[in-house]
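Structure, as structure tokens:
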Amino acid sequence: MPPSHTHIQMTSANWPASQEDVPDDVDSLKETIESLAARLNEANEERAQAAEYGLVVLEEKQALQLQQEELNSLYESTKRELEASTLYMTQMQSDYEKRIHEVEAQRQQLLDEIEAREQELMNQVKKLDEECRLHKRKLKQATSDQEHSNRAYTTLTNELDRQTTCNHEGGRG
């Protein structure tokens, strides 16, 4: 903070080195005082500019710190969202793979059941086919036996009729 009145402290460095260097008139003293006052004003202006520049730099620093905090906050929230999304995607992929495995297991189970049912039906068809052939053979045998029986019956009936006819004819005669 600049003083309210100008006070120049004279040291041995400010004093003239010899008597000849001492200004001999008031005008030259006035010039020296004006020169010193101008330099002091210039120094005060530079100090004021430096203070203003320091305030601007401090304000920019605070703005940058605030911006950095906002960016850090955004980074952290984005990082949490990414972690949550990654976890969600991992869970979805796991659920998807689990579901695919379940569907594949169900598909395989159905294929196995279908194959077992086909085999069972094929065995039943073979068994029924064998029974059908057996029944056909039995039917053929029964038909053959029946035809043989019918021929025998017819033969017997014819013979009986002849005998009865012969007996009736022989008894009349």
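- Annotation: side chain of Gln93 is not in contact with side chain of Thr90 (no heavy-atom distance under 4.5 Å).
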Please step through side chain to side chain donor-acceptor pair (under 3.5 Å) for the pair Asp161 and Thr164, ending with a clear verdict.
-> CA-CA 5 Å; Asp161 281 342; Thr164 311; 5.1 Å; no

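- Summarising the geometry, atom CZ belonging to Arg151 is positioned 9.0 Å from atom OG belonging to Ser149; distances are rounded to the nearest 0.5 Å.
- In this structure, a donor-acceptor pair under 3.5 Å is present between the side chains of Asp95 and Gln91.
- One finds the CG atom of Leu87 at 11.5 Å from the CE atom of Met89 (value rounded to the nearest 0.5 Å).
- Atom NZ of Lys61 is separated from atom CD of Gln68 by 11.0 Å, given to the nearest 0.5 angstrom.
- Ion pairing between Asp129 and Arg133 holds under the 4.0 Å rule for side-chain N and carboxylate O.
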Asp112 and Gln109: CA distance, side-chain angles, deciding distance, side chain to side chain contact (heavy atoms under 4.5 Å, CB included) verdict = CA-CA 5 Å; Asp112 292 346; Gln109 181 182 0; 5.6 Å; no

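- Interatomic distance, CG of Asn123 versus CG of Leu128, reported as 11.0 Å (0.5 Å rounding).
- In this structure, Glu46 and Glu42 have side chains that are in contact, with non-hydrogen atoms separated by less than 4.5 Å.
- Judged by distance alone, the side chains of Gln108 and Glu104 never bring a donor and an acceptor atom under 3.5 Å apart.
- The main-chain N or O of Tyr153 is found under 3.5 Å from a side-chain atom of Thr157 such that the two form a donor-acceptor pair.
- Here the CG atom belonging to Asn44 is positioned 11.5 Å from the CD atom belonging to Gln49, to the nearest 0.5 angstrom.
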Would you sort out whether Glu83 and Arg80 count as a salt bridge (Lys or Arg N to Asp or Glu O under 4.0 Å), showing the intermediate values?
-> CA-CA 5 Å; Glu83 289 170 353; Arg80 284 190 300 272; over 6 Å; no

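- The NE2 atom of His135 sits 6.0 Å away from the NZ atom of Lys138 when rounded to the nearest 0.5 Å.
- Using a cutoff of 4.0 Å between basic side-chain nitrogens and carboxylate oxygens, Glu120 and Arg117 are scored as salt-bridged.
- Partner of Thr143 under the side-chain contact (heavy atoms from CB on, under 4.5 Å) criterion, chosen from Lys140, Glu147, Gln146: Glu147.
- Side-chain N or O atoms of Ser35 include none that pairs as donor or acceptor with a backbone N or O of Glu31 at under 3.5 Å.
- Asn158 and Thr155 are not linked by any side-chain donor-acceptor pair at a separation below 3.5 angstrom, with hydrogens and angles left out of the test.
- Using modelled atom types and a 3.5 Å distance limit, the side chains of Glu115 and Gln119 yield no donor-acceptor pair.
- Here the side chains of Leu64 and Gln67 are in contact, with some heavy-atom distance below 4.5 Å.
- Side-chain N or O atoms of Thr154 include one that pairs as donor or acceptor with a backbone N or O of Asn150 at under 3.5 Å.
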